[in-house]
Chemist: 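Let me give you the structure first, and then I'll get to my questions.
Labels below follow one simple rule: chain letters A, B, ... track the order of the sequence lines, proteins then strands, and each chain is numbered from 1.
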Amino acid sequence: MMAEDKRVDEPTGTEFVGHEWDGIEELDTPLPRWWSIIFWATVVWGLAYTVFYPAWPLINSATEGVFGWSSRAALAEDLAEVEAERAPLREAIANIDINELPQNEQLMQTAINGGRSAYVVHCVQCHGSGAAGSEGYPNLNDDDWLWDGTMEGIEYTLIHGIRNPDHLETRISQMPAFGADGILTDRQISDVVSYVRTLSGAEEASAASARGSELYTANCAVCHGPNGGGDQSQGAPNLRDAIWLYGEDRASITDTVANSRYGVMPRWGHRLDPVTIRMLTAYVWNLGGGETPAPEPEGEELAEAESDEPG
Amino acid sequence: MNRVEPIPPDGPPKLYEARKAVHNKRIDGPFRRFKWLVMAVTLGIYYGTPWIRWDRGPYAPDQAVLVDLANRRFYMFGIEIWPHEFYYVAGLLIMAGIGLFVITSAVGRAWCGYTCPQTVWTDLFQHVDRFVDGDRNARMRLDAAPWTWGKLSRRAFKWTIYLVIGFWTGGAWIMYFADAPTLVRDFWAGEAAPAAYIAVAILTFTTVALGGFMREQVCIYMCPWPRIQAAMMDENSLTVTYKDWRGEPRGSVKKAEKNPGAFGDCIDCMQCVQVCPTGIDIREGPQIGCITCALCIDACDRVMDQVGRPRGLIDYVTLEGAEKEQRGEEVPGAVRSIFRPRTMIYFALWAGIGLAMLFAVGTRDRLTINAIQERNPTFVQLSDGDIRNSFDVRIRNMENRPREMTLTLDGLDGGVMWAGSGNRDQALRSFAITVPADQLLSTRIFVAAPRDGAAAEDFSFVVATGEGEDAEQAIEAARFARPGGE
Ligand code: SF4
Ligand code: SF4
């Protein structure tokens with residue numbers, strides 16, 4: 001079969017391959033030269049690549065390549081570069097008086113951006129992705145602060161946490177469990193709840209609330225203040241406002257008075273570096289509720305101009 | 001299977017035809033002079049435009065035509081285009097397309113013959129050839145000559161000129177993308193952006209390759225336009241035509257003298273072929289290689305003058321005109337073939353788009369506002385019982401001067417707002433804001449309103465500026481969310 005198939009197509013002078021389909025025959029036309037050159041060039045390139053770069057798999061690793069390149073080292077290099085670029089800003093954030101930070105537009109913006117990244121790693125689990133909190137976990141967007149809503153105060157809370165048993169400087173206070181500890185009877189608790197709810201306008205004054213008023217003065221005013229305005233120095237909530245961490249209905253407040261609450265926030269001082277904590281502080285402060293310690297400085301910038309850059 | 005054709009003695013036929021270099025002869029005449037003029041004008045526009053200055057005040061560049069990629073602005077004399085207005089550029093491209101329709105239906109491939117960059121640069125390079133190596137015959141001799149030092153140095157000299165032209169072409173191109181005087185200084189100081197050097201390198205290469213070496217092959221093999229044009233021409237489109245009914249059969253003057261009446265007007269002198277920049281023979285009829293540069297008309301008219309026969313053996317003729325002439329009827333003038341319904345409709349379309357765009361540019365907004373509501377969380381309960389929403393408000397000042405504006409809440413009874421970096425004590429229903437020249441100002445606006453009300457209440461942000469003639473206002477609808485809505 002071989003021999004007789006060595007026929008030549010006369011018009012083109014090309015040999016036949018020997019395949020035929022319905023009278024159409026395949027010619028053994030050589031590959032175009034440019035094509036072969038590119039093909040062999042890619043082969044050479046491919047082989048050279050395996051010599052210079054990591055390529056051949058071994059049992060536990062792979063050949064390292066003459067250049068010694070690795071994606072991990074490249075990443076580390078990139079990261080170091082970024083770090084070095086950011087170092088001056090980080091240093092400035094570390095050294096500035098924390099209460100002054102909001103006035104420094106560029107540093108503040110850097111801090112907020114960094115804080116947003118740290119927030120979604122460390123804080124979302126309790127406070128939620130939009131920092132809106134949930135029952136028992138404060139909403140960080142609002143203007144109500146149990147402890148302290150200034151830059152300094154927020155930073156302190158972040159560093160030392162709230163009610164961390166193993167830490168001396170932690171923010172701590174404890175409300176008595178008036179029911180569980182037998183300080184007040186169920187009836188008295190009900191009266192106190194009625195009174196407390198009149199403070200925020202959730203309930204009309206009644207005989208019960210009048211009785212509760214006296215009980216309040218005797219038992220609660222020490223921490224929550226004579227008018228129910230609360231006390232940030234000991235984390236005693238303001239009872240006159242519209243914000244209720246555990247709910248404003250009778251059942252929730254009754255539960256609080258009878259059994260107390262003991263919300264804990266971890267401290268971050270030993271886990272995050274001081275600059276990251278300051279960035280988190282800036283982010284949380286900037287959510288809309290941040291407090292300013294001294295009177296407002298005049299002529300504050302209303303907004304920042306940006307280029308057409310989205311985001 | 002086996003073909004009947006025998007193998008030709010010089011081996012199997014070649015599937016590709018090797019290029020025959022075109023050495024077009026110098027020619028002078030009205031069309032050649034017109035081509036010189038067009039070349040001067042088009043190259044002048046190309047090289048000169050970036051250097052035209054245009055005062056836009058202190059907040060914008062003073063270059064008349066500038067594609068500012070870094071700041072995403074396109075300046076063209078008195079018009080400034082922002083990225084979101086890019087449809088104006090699309091409109092210009094559509095006009096350019098229809099413009100080619102107008103030209104083609106009226107005067108055939110005039111674009112190819114005179115103004116196409118490929119034609120202009122090829123022409124330029126062919127003049128360089130003539131300048132360095134002499135006219136047609138000298139060039140053909142040199143081409144065939146062996147590679148001596150003399151030939152090599154001539155070639156080196158010529159290619160250096162090619163490279164300089166290519167470099168200037170690329171160099172002029174990048175001037176459109178940055179302030180030209182600054183860029184020139186930076187470029188030679190080695191401080192320009194790498195993209196500038198890369199662009200110049202690429203354009204040098206393409207200019208030399210396309211204009212210096214590939215030349216007519218681009219028109220014949222690469223360019224889609226000849227194919228499209230062929231479909232767009234009709235019996236009333238002017239095209240360069242050899243009047244075969246007058247010229248054939250060809251015969252030299254001597255033969256014609258011996259045998260009067262037996263020959264046509266063409267004396268077969270080949271002048272038309274020798275001057276052709278694409279190296280074709282127009283006497284074979286209209287063909288894709290003919291870019292209708294009319295140089296063969298110049299050449300043949302000269303010949304006809306010399307032998308004392310009427311001009312116009314090769315001429316701009318329409319198909320219809322050609323038929324009429326053959327029948328001995330009167331041929332309508334060129335003006336008739338230009339001003340006819342088809343070209344007029346194209347022109348009206350072209351002009352209509354142009355006018356519509358001018359009108360749109362003249363009346364377009366130079367102030368816009370956008371408000372995007374923060375969705376996580378959509379609302380926040382404040383301690384005094386009010387509800388707060390947060391909006392990302394973006395105000396675009398598209399004028400080349402900073403403007404004082406007033407941002408106002410429209411609707412939302414009892415609502416107040418304050419800027420995100422401010423404080424609720426500063427809350428108002430309206431406040432002043434300065435937007436820098438030619439910039440987008442992005443700011444977070446908090447809006448607070450009493451808790452009682454619809455779960456979703458419509459209101460709007462209104463931004464206004466200026467007085468009288470200068471007044472401008474933009475409105476953005478927004479929605480205030482309260483608890484119980486979702
Ligand atoms: S045939 Fe005549 S008109 Fe056509 S390209 Fe050649 S010289 Fe120009
Ligand atoms: S230039 Fe005129 S006369 Fe000479 S060959 Fe061409 S068509 Fe014939």
Chemist: Is the backbone N or O of A:Arg240 less than 3.5 Å from a side-chain atom of A:Asn238, with the two atoms forming a donor-acceptor pair by type?
Modeler: yes
Chemist: Quick one: of A:Asp144, A:Ile24, A:Thr14, A:Asn141, who has the most non-hydrogen atom pairs under 4.5 Å with chain B?
Modeler: A:Asn141
Chemist: Does the plane of the ring in B:Phe459 sit parallel, tilted or perpendicular to the ring in B:Phe480? Use 30° and 60° as the thresholds.
Modeler: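 It falls in the perpendicular class, over 60°.
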Chemist: Which bit of A:Asn139 comes within less than 4.5 Å of chain B, counting heavy atoms only: side chain, backbone, both or neither?
Modeler: side chain
Chemist: Kindly assign one of parallel, tilted or perpendicular to the pair B:Phe461 and B:Phe391, based on the angle between their ring planes and the thresholds 30° and 60°.
Modeler: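 Rings of B:Phe461 and B:Phe391: perpendicular, over 60°.
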Chemist: Suppose we screen for side-chain contact (heavy atoms from CB on, under 4.5 Å). Which residues come up paired with A:Pro32, at least two apart in sequence or across chains?
Modeler: A:Trp34, A:Trp35
Chemist: Could you look at A:Leu27 and say if it's the side chain, the backbone, both or neither that has a heavy atom under 4.5 Å from chain B?
Modeler: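 Neither part; nothing is under 4.5 Å.
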